[in-house]
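Below is one structure, written out as structure tokens; comments come after it.
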Amino acid sequence: MASALEIVAVPAFADNYLWLVHDADSGEAAVVDPGDPAPVLAEAERRGWRITRIFNTHWHPDHTGGNLAIKEKTGARIIGPAGENGRIPGLDVALEEGDHVSLGAHRAEVWEVPGHTLGHIAYVFDGDRVAFVGDTLFVMGCGRLFEGTPEQMHYSLGRLAGLPADTRLFCAHEYTLANARFAAHAFPQNREIAARLAHVEQERASARPTVPTTVGEERATNPFLLARDTEHFADLRRAKDEFRSA
Ligand SMILES: [Zn+2]
């Protein structure tokens, strides 16, 4: 049986997490959304991990800015959404819905999850109960609709929420505290949200990361998954854009 994927967060910029993923059996490592090459290369070197793949979820520079430098240093292949070909530096392999990528014996299915950007994809390692979701779903939140429609994003989030409850979701930003405060504001009667907000406040006060989350936790406390329908989702997204917590 294959050993479990090792996944570590490499913090970058103000609040990004660049995910380093290692398969001990093959010795291969991948980095998901390397906005900044230096901390990724340093962490991989420190651990003795060999980066062979770069997985991009979407074209935004804080997710792709390190592509070329990491490729130059390691020879890694740059893998990302076909829908954003031309906007992703050095893209070698363009992926569409239903395509598969692998890291050693671990296999991920590619899901197109438009909304934040139109070509945004997620990497779903269903055998590992792990998904890399970029800026689509955040802990207790979701990405801003820069390119897509509320319909698209609501559908994309619904797909991710349909994964098994114990699936761990790795998103690309530490936005949880602001998201939890908005969730408590939008759903003031929801006790699970209130309890999670209290927990998140403690974690962040000690500067501990709140990512990954699980599908089960998100189904219970993510306001955008609690939306009754697309119209409600759109109202919540608009309200979140304008929300300023005290
Ligand atoms: Zn983005």
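Given the structure is predicted, the values throughout are model-derived calculations rather than measurements. First listed ligand is number 1; within each ligand, the first listed atom is number 1.
The two residues Ala172 and Phe138 make their nearest non-hydrogen contact at N-CE2, 4.2 Å.
Contact check on Arg238 versus Glu242 returns no salt bridge, with no Lys/Arg side-chain nitrogen under 4.0 Å from an Asp/Glu carboxylate oxygen.
Between the side chains of Glu218 and Thr213, at least one donor N or O sits under 3.5 Å from an acceptor N or O.
A distance below 6.0 Å separates the ring centres of His173 and His63. Within the 6.0 Å centre-distance limit, the rings of His116 and Phe146 are counted as a close aromatic pair.
Excluding water, every protein N/O/S atom under 2.8 Å from the Zn ion (ligand 1) is given here by residue and atom: His58 NE2, His60 ND1, His116 NE2, Asp135 OD2.
For residues 157-166, the pairs satisfying salt bridge (charged side-chain N to carboxylate O under 4.0 Å, His left out) are Glu97-Arg159, Arg129-Asp166, with sequence neighbours left out.
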